[in-house]
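Below: the structure, in structure tokens.
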Amino acid sequence: MLEVRALAKHFGGIKAVDNCSFTAEAGKITALIGPNGAGKTTAFNCISRTMAPTAGEILLDGERIDHLKPHQVTRRGLSRTFQITRNLEDLTVLENLVVQSKVHGWRALFEPAITKEELKKAEEILAFLNITRLAYEETRNLSYGQKKLMDFGALLMSDPKIILLDEPAGGVNPSLLAEIVEHIRALNGQGLTVLIVEHNMELVMSLSDKVVVMAHGEIIAEGPPAMVQTDPKVLEAYLGGT
Ligand code: ATP
């Protein structure tokens, strides 16, 4: 289980995240939603330790991870995607999976050689994602959606217990979105815990076990999708154009 306790991230006078507490239960899909600028990505950045929190505690399976470096967090079993794909354009898809997993800490960078095991694992992941045909394609030739799928694959290289997906539906066409949803469901079915930040409400409501709503850096509601959807505070936050 992921537990966020009184998390805060301030940028000078801006309280991007303030006193946020919520949980993502093991084996469940939790969505973090909220209007633009609510603080969702900042919270994600703090949880994955790509950003140092100003205050608060983050616990993974009861152990604090908020003092760790990003690659150490990955080794504890938490992997994340980024809103904007961050690929190495000259490498093939297969190479990207392996190299990204090294960079993100599955194997230390001082072990630069690509091992047979890493290649095998990357091939298995590409097969799972139905993109084996892209294995030897240079990343620069991929569509945006294919790059998103590749990022998703890179995330799985570290054998995570929990994955954080930052806007998995963003900029993706409907058929690819359906594929991504299927993959998320399949992985969750295998016991993987999922935390997503997403603006596509249809996706959030159909996919999530629990929805956590942020506005102005604070949590304003938390509960099952049907409950959150009708919460007056949530409606006001969205309709108020905050
Ligand atoms: P969106 O849905 O539009 O991606 P969000 O909910 O992810 O928004 P954040 O990107 O976390 O929101 O931003 C929260 C607030 O913090 C915003 O007011 C933003 O301008 C501010 N902010 C984020 N990063 C920084 C930064 N590095 N320096 C200063 N302010 C920042």
Side-chain angles (χ1 to χ4, degrees), residues 2-24 29-58 65-70 73 78-87 104 144-145 147-148 151-152 155 162-173 176-177 180-181 184 193-208 210-223 225 228-229 231-242:
L2 177 74
E3 199 177 346
V4 176
R5 292 183 186 160
L7 182 67
K9 178 67 185 178
H10 300 171
F11 299 103
I14 300 171
K15 294 181 175 179
V17 174
D18 203 37
N19 196 27
C20 274
S21 299
F22 67 92
T23 55
I29 301 178
T30 302
L32 184 59
I33 67 166
N36 287 328
K40 308 176 297 291
T41 298
T42 305
F44 250 42
N45 289 341
C46 292
I47 294 168
S48 59
R49 268 319 246 111
T50 45
M51 201 177 255
T54 306
E57 295 180 359
I58 298 155
I65 56 167
D66 47 90
H67 60 289
L68 300 178
K69 296 197 164 64
V73 172
L78 184 148
S79 278
R80 70 164 294 181
T81 59
F82 292 86
Q83 219 167 43
I84 297 165
T85 58
R86 300 177 158 194
N87 304 307
H104 295 312
Y144 177 75
K147 282 184 186 169
K148 270 203 127 148
D151 273 2
F152 198 67
L155 183 80
I162 175 166
I163 53 173
L164 273 55
L165 305 175
D166 200 350
E167 299 206 19
V172 166
N173 69 45
L176 187 61
L177 177 58
I180 290 178
V181 168
I184 296 173
T193 306
V194 181
L195 178 64
I196 59 171
V197 160
E198 186 50 66
H199 281 289
N200 181 330
M201 282 306 133
E202 208 181 308
L203 178 72
V204 165
M205 295 302 161
S206 66
L207 193 62
S208 323
K210 184 170 85 172
V211 179
V212 178
V213 190
M214 281 185 88
H216 297 304
E218 295 180 15
I219 307 289
I220 58 163
E222 178 173 354
V228 162
Q229 218 168 3
D231 187 315
K233 285 197 297 290
V234 177
L235 295 174
E236 196 194 321
Y238 276 94
L239 296 174
T242 48

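Remember, it's 1-based here, ligands and their atoms both numbered in the order they're listed.
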Run Ile33 and Tyr238 through side-chain contact (heavy atoms from CB on, under 4.5 Å) and show every step you take. CA-CA 10 Å; Ile33 67 166; Tyr238 276 94; 3.6 Å; yes
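With hydrogens and angles disregarded, a donor-acceptor distance shorter than 3.5 Å links the side chain of Ser206 to the backbone of Leu203.
Considering backbone and side-chain atoms alike, Gly37 places an N or O below 3.5 Å from some N or O of ligand 1. Residue contacts with ligand 1: Ala16 is placed with no nitrogen or oxygen under 3.5 Å of a nitrogen or oxygen of the ligand (distance criterion only).
Contact annotation for His199 and ligand 1: only side-chain heavy atoms (C-beta onward) come within less than 4.0 Å of the ligand.
Each of the following atoms of ligand 1 lies closer than 4.0 Å to a heavy atom of Lys40: 1 (P), 2 (O), 5 (P), 6 (O), 7 (O), 8 (O), 11 (O), 12 (O). Shown in contact with Ala38 at under 4.0 Å from a heavy atom are these atoms of ligand 1, numbered in order with element: 5 (P), 6 (O), 12 (O). Taking a cut-off of under 4.0 Å to the non-hydrogen atoms of Thr42, the atoms of ligand 1 that pass are 9 (P), 11 (O), 13 (O), 23 (C).
Donor-acceptor pairing under 3.5 Å is recorded for the side chains of His10 and Asp18. For the 3.5 Å distance criterion, the side chains of Thr23 and Lys210 qualify, holding a donor opposite an acceptor.
A search for salt bridge (charged side-chain N to carboxylate O under 4.0 Å, His left out) contacts involving Glu3 returns Arg5, not counting sequence neighbours. Not counting sequence neighbours, Asp231 has no partner by the side-chain hydrogen bond (donor to acceptor under 3.5 Å, both in side chains) test.
For atom 7 (O) of ligand 1, the nearest non-hydrogen atom from the set Asn36, Ile14, Val17, Thr41 comes from Thr41.
Ligand 1 is approached by Gly39 to a heavy-atom distance shorter than 4.0 Å.
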